Amino acid sequence: MREFVPLSTRTGTSDYLTALLNELVVFTLKQANAALFGGLLLTFMLLTHFVDLPPFHRYDTIFLFAIITQLFLILSGLETRREVMVIFGFHVVATVMELYKTSALIGSWNYPGPAWFALWNVPLFAGFMYSAVGSYIARAWKLLRLRFTNYPKLRWTYLLCIAIYVNFFTHHFVYDVRYILVAATVMIFHRTQVHFTVIFERRMPLLLGFLLISFFVWIAENIATYANVWLYPSQQQLWTLVSPHKMGAWFLLMIVSFVLVSLLYRRSIRSGRFVE
């Protein structure tokens, strides 16, 4: 019978743990790099909550900051024009949804501050909050050299994306099919593995990746509502934690963003290897 050797005395354990720690540090740095736009935008929102930055309204200052940051990413080569076009598409799609959700008829949330740069009830910086998700996915795809195995047929992902987006509008008046859409997402992507390269190539279920992104977006949403950037009806008098149920909405909206970004990497998806 083989004798058990304690972990602490096994040969190479120290080297293995050191390599694992190094990989964790590199992974964290790559994630921070991928989330650069969203991280800077959220940090600036917090800053404007505690510090008044005249001469513009707060929302207009955030809007100008978002534009300057986006220009920096383009001019520095951190984002390509192709990536920006897809991200901008998601920006437009999300702004249309914002106009609908903040209308007097629906009133899902509201922006309590004034703004010069606005469309009806929606300050123009709002679209950048959604494009930050698209920016993260596009940059993470490239930085981590994502590739997929058992990826579903692209037409199914496009149909799912359209159905999710339409339901965000129709569920106020007809049956809300979000749980059916979540089930459809699981059915379509349940076999898909995402392979990502830190130092070595790793893999995980793509659905788990979707859940993790949704969780961190929900954390960012709590920070933003705490900073009074926008408010839900339940937060008008006193700030409270955003319901964890909102992670379901972010999960579905993130699918829309992911599918839009996947338009850039159709060759990569079809070949099963990373192709820029």
Side-chain angles (χ1 to χ4, degrees), residues 32-81 83-139 168 216-242 246 249-250 253 257:
N33 191 345
L36 182 63
F37 180 70
L40 289 174
L41 186 61
L42 187 62
T43 300
F44 191 75
M45 288 176 179
L46 272 174
L47 174 65
T48 58
H49 179 58
F50 296 105
V51 180
D52 187 24
L53 298 175
F56 303 109
H57 295 307
R58 179 194 184 193
Y59 289 163
D60 296 322
T61 305
I62 296 173
F63 174 64
L64 294 173
F65 176 82
I67 290 178
I68 293 170
T69 304
Q70 189 68 80
L71 287 174
F72 165 75
L73 291 175
I74 297 170
L75 295 176
S76 64
L78 293 174
E79 283 184 357
T80 66
R81 291 185 179 182
E83 290 169 345
V84 171
M85 287 181 63
V86 171
I87 293 167
F88 178 74
F90 186 49
H91 183 117
V92 173
V93 165
T95 299
V96 171
M97 189 180 71
E98 280 277 333
L99 290 169
Y100 178 77
K101 292 286 191 178
T102 59
S103 65
L105 179 65
I106 305 300
S108 296
W109 58 82
N110 76 290
Y111 294 90
W116 292 327
F117 299 106
L119 286 174
W120 291 280
N121 299 317
V122 179
L124 291 184
F125 81 87
F128 283 103
M129 297 186 297
Y130 296 90
S131 59
V133 179
S135 174
Y136 165 77
I137 294 173
R139 288 173 52 70
F168 276 115
F216 284 107
V217 171
W218 176 73
I219 290 176
E221 180 180 39
N222 275 286
I223 294 172
T225 55
Y226 173 77
N228 210 41
V229 177
W230 75 89
L231 295 172
Y232 291 103
S234 62
Q235 297 173 319
Q236 297 296 325
Q237 302 300 323
L238 178 67
W239 182 83
T240 56
L241 196 70
V242 176
K246 292 295 292 184
W250 282 115
L253 194 61
S257 180

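Heads up: numbering here begins at 1 and tracks the sequence. Predicted model, so just to flag it, every value in this text is computed and none were measured.
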Can you list the steps and then say if Arg81 with Val84 is a side chain to side chain contact (heavy atoms under 4.5 Å, CB included)?
CA-CA 5 Å; Arg81 291 185 179 182; Val84 171; 5.5 Å; no

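- With sequence neighbours left out, the side-chain hydrogen bond (donor to acceptor under 3.5 Å, both in side chains) criterion links Gln236 to Asn110.
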Test side chain to side chain contact (heavy atoms under 4.5 Å, CB included) on Val122 and Tyr100 and set out the steps.
CA-CA 10 Å; Val122 179; Tyr100 178 77; over 6 Å; no

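- Lys246 NZ to Trp109 CH2: the interatomic distance, rounded to the nearest 0.5 Å, is 5.5 Å.
- Screening residues 115-126 for side chain to side chain donor-acceptor pair (under 3.5 Å) gives His57-Trp116 as the qualifying pairs, with residues at least two apart or on separate chains.
- By the ring pair (Phe, Tyr, Trp, His ring centres under 6.0 Å) test, Phe117 is found to be paired with Phe63, residues two or more places apart in sequence or in another chain being considered.
- Separating the OG1 atom in Thr69 from the CG atom in Leu64 is a distance of 10.5 Å, to the nearest 0.5 Å.
- Minimum heavy-atom separation, Ser108 to Pro233: O-CD, 3.1 Å.
- When the salt bridge (charged side-chain N to carboxylate O under 4.0 Å, His left out) test is applied to Glu79, no partner is found at least two apart in sequence or on another chain.
- Scored by the side-chain hydrogen bond (donor to acceptor under 3.5 Å, both in side chains) test, Trp218 finds no partners at all (sequence neighbours excluded).
- Contact detail for Thr225 and Leu231: the closest heavy-atom pair is O-CD2, 3.7 Å.
- Thr95 places a side-chain N or O within donor-acceptor distance of the main-chain N or O of His91, the cut-off being under 3.5 Å.
- For the atom pair CD (Gln70) and CG (Leu78), the distance works out to 10.5 Å, reported to the nearest 0.5 Å.
- When every heavy atom of Val229 is checked against every heavy atom of Tyr59, the shortest pair comes out as O-OH, 2.7 Å.
- The side-chain hydrogen bond (donor to acceptor under 3.5 Å, both in side chains) check on Trp230 picks up nothing, with sequence neighbours excluded.
- Under the ring pair (Phe, Tyr, Trp, His ring centres under 6.0 Å) criterion, Phe168 pairs with no residue, sequence neighbours left out.
- The salt bridge (Lys or Arg N to Asp or Glu O under 4.0 Å) analysis of residues 83-95, with sequence neighbours excluded, yields the pairs Glu83-Lys142.
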Below 3.5 Å, can you tabulate the donor-acceptor pairs from side chains in residues 32-40 to any protein atom, sequence neighbours excluded?
residue: Asn33; atom: OD1; partner: Arg139; partner atom: NH2; Å: 2.1

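- Under the ring pair (Phe, Tyr, Trp, His ring centres under 6.0 Å) test applied with Phe44, the options Phe65, Phe125, Phe128 reduce to a single match, Phe65.
- With sequence neighbours excluded, the residues that form a side-chain contact (heavy atoms from CB on, under 4.5 Å) with Ala94 are Tyr130.
- Residue pairs that meet the side chain to side chain donor-acceptor pair (under 3.5 Å) test with at least one member in residues 41-50, sequence neighbours left out, are Thr48-Arg58.
- The two atoms that bring Leu119 and Leu99 nearest to each other are O-CD2, 3.3 Å, heavy atoms only.
- Nearest heavy atom pair, residue Ala138 against residue Ile87, reads CB-CD1, 4.4 Å.
- A donor-acceptor distance shorter than 3.5 angstrom exists from the side chain of Asn222 to the backbone of Val242, with no hydrogens or angles considered.
- Minimum interatomic distance between Gly134 and Ser257 (heavy atoms only, all atoms of both residues): CA-OG, 3.2 Å.
- With sequence neighbours excluded, no residue satisfies ring pair (Phe, Tyr, Trp, His ring centres under 6.0 Å) with Tyr136.
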Start with the C-alpha distance between Ile62 and Leu41, add both sets of side-chain angles, then the distance that settles side chain to side chain contact (heavy atoms under 4.5 Å, CB included), and finish with yes or no.
CA-CA 8 Å; Ile62 296 173; Leu41 186 61; 3.9 Å; yes

